[in-house]
Amino acid sequence: MSAIRHALNTKRDDDFAAWYQEVIAAADMAEESGVRGCMIIKPWGYGIWERMQRLLDDRIKAAGVQNAYFPLFIPLKNFEREAEHVDGFAKEMAVVTHHRLIADGEGGLIPDPEAKLEEPLVVRPTSETIIGDAMSRWIQSWRDLPLRLNQWANVVRWEMRTRMFLRTSEFLWQEGHSAHATAEEAQEETMMALEMYRAFAEEDVALPVIAGEKPENERFPGAVETWSIEAMMQDGKALQAGTSHYLGTNFAHAANIKYQNDAGRETLAHTVSWGVSTRMVGGLIMVHGDDDGLRVPPALAPFQVVILPMLRDKPEDESLLAYCEALRAAISGQSALGEPVRVLLDKRPGKAAAKRWDWVRKGAPVIIEVGGRDMENGVVSLLRRDSLWNTETGKPAFQNPDRDLCAQTIPTILADMQNGLLVEARERREANIRRDVSDMDTLAEHFSREAKYPGWVEVQWARPTGEALEKVVERLKELRLTLRNVPMHAPPADGPCIFTGEPAVERVFVARAY
RNA sequence: CGGGGAGUGGCGCAGCCUGGUAGCGCAUCUGUUUUGGGAACAGAGGGUCGCAGGUUCGAAUCCUGUCUCCCCGACCA
């Protein structure tokens with residue numbers, strides 16, 4: 001086996017955090033903005049997010065939920081109505097207090113003391129309170145229910161520690177909000193959103209996830225139940241990739257969302273909220289990236305196929321471009337994963353080999369290079385991003401299909417790659433889950449051993465609540481561990497609780513987390 | 001917010017201790033020669049050293065403040 005010269009400088013195994021940042025830079029996805037915790041999302045990164053938006057929005061609409069838009073600014077008093085919600089968010093709010101600037105006399109600008117707002121405005125950290133306001137006006141009768149809305153928006157949370165895509169001060173997301181006549185209907189909606197996220201993550205992002213309920217201490221502030229999808233990153237840490245909350249009547253009570261039922265009696269509605277954010281892009285990087293950069297699942301790739309003509313700055317270039325253009329047209333006429341294939345003929349000046357590595361780092365699924373000899377033989381040189389290297393030679397593993405047949409094989413390659421990434425990630429996750437740990441010493445030993453990436457442990461527990469749960473959380477904290485979720489599809493408990501020794505009632509995942 | 005590290009051409013860094021108005025590698029541009037594959041040689045362009053004060057004849061270098069980034073922790077849908 002020859003030494004492979006990888007496209008990145010940092011290997012995942014050497015320094016996962018540094019590798020993650022290098023992928024973002026090398027794939028030209030985003031960069032720092034100079035504003036604390038805020039990033040500039042560049043075209044390739046934003047293109048991936050746009051694909052996520054498109055595919056998730058299709059699912060949202062198919063579920064019968066309608067899009068709307070609510071204001072960025074929320075009156076401070078809205079947050080005072082729901083006690084737990086305030087506690088959860090008060091420490092991380094950006095607040096607007098003035099509406100005008102004046103010169104400070106030294107060449108600078110300061111907020112005009114004369115222009116102080118009567119009531120400060122909060123930049124939304126989430127929109128339950130302002131959407132609740134609207135719902136209280138829009139809902140009068142049982143006939144107005146259910147009311148099911150979604151908005152695509154940016155939100156701001158003043159986090160202490162930020163990381164690109166995973167936790168930024170400002171981030172992009174969708175937030176679904178609904179109001180229902182009964183608890184049962186609201187809970188059904190909560191599970192509908194959760195299942196929609198599971199399908200989106202697995203089918204579109206090729207991100208295997210565990211859907212389940214968050215323990216009480218991890219609930220959304222003000223929620224009765226919080227459900228999540230959890231994904232395992234390549235360093236074994238967990239990433240909460242989407243959440244769905246059953247809010248009971250807590251927010252309805254705070255915002256006065258009431259309706260007259262069919263018996264004419266005034267009744268509180270039950271509300272639900274659910275969200276997925278640009279954090280999913282970070283998850284995609286940490287699950288599918290490799291030592292050569294990003295690998296974008298075909299369903300999310302802004303370009304699924306990139307054609308690189310080997311231009312020589314000579315008259316022959318013209319016929320080579322025509323040959324490539326015919327290939328581009330043939331491929332764009334194909335359909336893959338239910339949509340027309342997105343193909344780019346990259347005619348920028350520059351050496352094909354240099355451009356190839358750019359596209360490898362960006363993670364374009366299929367790269368096709370075409371040179372003069374290819375043209376003479378009626379073939380192309382095709383490189384799959386999911387099997388980049390010939391490990392015998394240490395060189396890129398080019399295939400040389402016939403040009404005219406090549407286009408027809410693209411849909412199969414893309415579908416195969418989409419599925420392959422999911423399977424690979426799922427196998428890696430399963431290989432890194434332990435289910436045989438039944439005492440705290442073993443748990444501590446497992447997470448303190450030499451192995452760099454200890455993965456997750458599924459334990460059995462008696463679902464303690466209140467102070468008993470707090471104790472458990474404290475003990476886990478000492479090991480830098482968190483409770484992730486209680487998986488929905490797991491065998492019933494059949495042993496003692498790892499924390500208390502009482503008979504266990506269910507299983508719960510324990511892991512380090514982002 | 002606590003501890004640690006760092007901000008110098010697009011990127012990665014040296015210079016700072018022992019003040020005298022910047023240097024290296026990669027990238028970029030031009031030319032030549034090459035080229036079935038991440039080219040070679042030659043030349044050139046590009047930075048008031050994060051920002052604001054201060055000390056000084058003189059500050060990337062010393063002092064103070066501040067902003068931003070990275071790592072660890074606390075915090076955290």
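This one's a predicted model, so the numbers in the text were calculated from it and none came from an experiment. Chain letters run A, B, ... following the sequence lines, proteins first and then strands; every chain starts at 1. Just so you know, these numbers use all the heavy atoms, side chains as well, and skip hydrogens, waters and symmetry mates.
Residue contacts shown for A/Gly242 are absent, as no nucleic acid heavy atom lies under 4.0 Å away. Among the heavy atoms of the strands lying under 4.0 Å from A/Thr126 is at least one base atom, whether or not backbone atoms are also near. Note on A/Ser381: a base of the nucleic acid sits closer than 4.0 angstrom, heavy atoms only. Using a 4.0 Å heavy-atom cutoff across all strands shown, A/Phe16 reaches no nucleic acid atom at all. At the heavy-atom level, A/Asp374 lies under 4.0 Å from base atoms of the strands shown. When heavy atoms are screened at a 4.0 angstrom cut-off, A/Phe171 is found touching no nucleic acid atom at all.
Between A/Ile24 atom CD1 and B/C11 atom C1' the separation is 16 Å, expressed in whole Å. Atom pair A/Glu92:CD and B/C1:P shows a separation of 14 Å (rounding to whole Å applied). Look at CG on A/Asp358: it is 13 Å from P on B/A27, rounded to the nearest Å. Residue A/Lys314 contributes atom NZ, which lies 10 Å from atom P of B/U33 at whole-angstrom precision. What separates CG of A/Asp28 from C1' of B/C11 is a distance of 12 Å, to the nearest Å. One atom, CG of A/Asp313, and another, P of B/U34, lie 15 Å apart when rounded to the nearest Å. Remark: C1' of B/U28 and CZ of A/Arg348 are 15 Å apart, rounded to the nearest angstrom. Across the protein-nucleic acid pair, A/Lys355 atom NZ and B/U35 atom C1' stand 15 Å apart, rounded to whole Å.
In terms of position on RNA chain B, the residue among A/Leu311 and A/Arg157 whose nearest nucleotide sits closer to the 5' end is A/Leu311.
The only member of A/Met160, A/Glu159, A/Arg161 that meets side-chain contact (heavy atoms from CB on, under 4.5 Å) when paired with A/Arg167 is A/Glu159.
As rounded to the nearest Å, B/U61 and B/G43 have C1' atoms that lie 33 Å from one another. Comparing the P positions of B/C63 and B/U55 gives an interatomic distance of 15 Å, to the nearest angstrom. Taking atom C1' in both B/G31 and B/U21, the straight-line distance is 34 Å, to the nearest Å. The same atom, C1', is picked in B/G47 and in B/C41; the two are 27 Å apart, to the nearest Å. Distance noted for atom C1' between B/C16 and B/G10: 25 Å (whole Å). Taking the P atom of each, B/A14 and B/G25 are spaced 15 Å apart, rounded to whole Å. Between B/A60 and B/A6, the two C1' atoms lie 15 Å apart (nearest whole Å). Atom name C1', nucleotides B/G19 and B/G4: the rounded distance is 28 Å, in whole Å.
By the 4.5 Å heavy-atom criterion applied to side chains, A/Tyr453 and A/Met233 are not counted as neighbours. Taking 4.5 Å as the limit, every side-chain heavy atom of A/Trp274 sits out of range of all side-chain heavy atoms of A/Thr190.
Residues passing the salt bridge (charged side-chain N to carboxylate O under 4.0 Å, His left out) test with A/Glu202, sequence neighbours excluded: A/Arg198, A/Arg426. With sequence neighbours excluded, no residue forms a side-chain hydrogen bond (donor to acceptor under 3.5 Å, both in side chains) with A/His98. Listed by chain and number, the residues in a salt bridge (charged side-chain N to carboxylate O under 4.0 Å, His left out) with A/Arg12 are A/Asp291 (sequence neighbours excluded). For the side chain to side chain contact (heavy atoms under 4.5 Å, CB included) test, residues two or more places apart in sequence or in another chain that qualify with A/Gln240 are A/Lys214, A/Ser228, A/Glu230, A/Thr243, A/Arg279, A/Arg484. A/Phe509 meets the ring-ring contact (aromatic ring centres under 6.0 Å, His included) test with A/Trp456; sequence neighbours excluded.
Residues in residues 34-47 of chain A take part in these salt bridge (Lys or Arg N to Asp or Glu O under 4.0 Å) pairs, two or more places apart or across chains: A/Asp28-A/Lys42, A/Glu31-A/Lys42. Among pairs with a residue in residues 309-325 of chain A, those fulfilling salt bridge (Lys or Arg N to Asp or Glu O under 4.0 Å) read A/Glu325-A/Arg328, at least two apart in sequence or across chains.
Counting only distance, with no hydrogens or angles, the side chain of A/Asp204 and the backbone of A/Ala201 share no donor-acceptor pair below 3.5 Å.
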- Query: How does protein contact run along nucleotides 67-74 of chain B, one letter per nucleotide 5' to 3', with B for base contact, S for sugar-phosphate only, - for none, heavy atoms under 4.0 Å?
  - Reply: -SSSSBSB
For a quick test of your reading: what N or O donor-acceptor pairs under 3.5 Å do the side chains of residues 359-370 of chain A make, sequence neighbours left out?
{"from": "A/Trp359", "atom 1": "NE1", "to": "A/Asp346", "atom 2": "OD2", "distance (Å)": "2.9"}
{"from": "A/Arg361", "atom 1": "NH1", "to": "A/Ala7", "atom 2": "O", "distance (Å)": "3.2"}
{"from": "A/Arg361", "atom 1": "NH2", "to": "A/Asp358", "atom 2": "OD1", "distance (Å)": "3.3"}
{"from": "A/Glu369", "atom 1": "OE1", "to": "A/Arg356", "atom 2": "NH1", "distance (Å)": "3.2"}
{"from": "A/Glu369", "atom 1": "OE2", "to": "A/Arg356", "atom 2": "NE", "distance (Å)": "3.4"}
{"from": "A/Glu369", "atom 1": "OE2", "to": "A/Arg356", "atom 2": "NH1", "distance (Å)": "2.9"}

Throw together a table of side-chain donor-acceptor distances under 3.5 angstrom for residues 85-96 of chain A, partners on residues two or more places apart or in other chains.
{"from": "A/His85", "atom 1": "ND1", "to": "A/Pro221", "atom 2": "O", "distance (Å)": "3.2"}

Heteroatom pairs (N/O) under 3.5 angstrom, protein to nucleotides 38-41 of chain B:
{"from": "B/G38", "atom 1": "O4'", "to": "A/Trp357", "atom 2": "NE1", "distance (Å)": "3.4"}
{"from": "B/G38", "atom 1": "N9", "to": "A/Trp357", "atom 2": "NE1", "distance (Å)": "3.1"}
{"from": "B/G38", "atom 1": "N7", "to": "A/Trp357", "atom 2": "NE1", "distance (Å)": "3.4"}
{"from": "B/G38", "atom 1": "O6", "to": "A/Arg5", "atom 2": "O", "distance (Å)": "2.2"}
{"from": "B/G38", "atom 1": "N2", "to": "A/Arg361", "atom 2": "NH1", "distance (Å)": "3.3"}

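In RNA chain B, the stems built from three or more successive Watson-Crick or G-U pairs (distances below 3.5 Å) are B:1-7 with B:67-73, B:10-13 with B:23-26, B:28-33 with B:39-44, B:50-54 with B:62-66.
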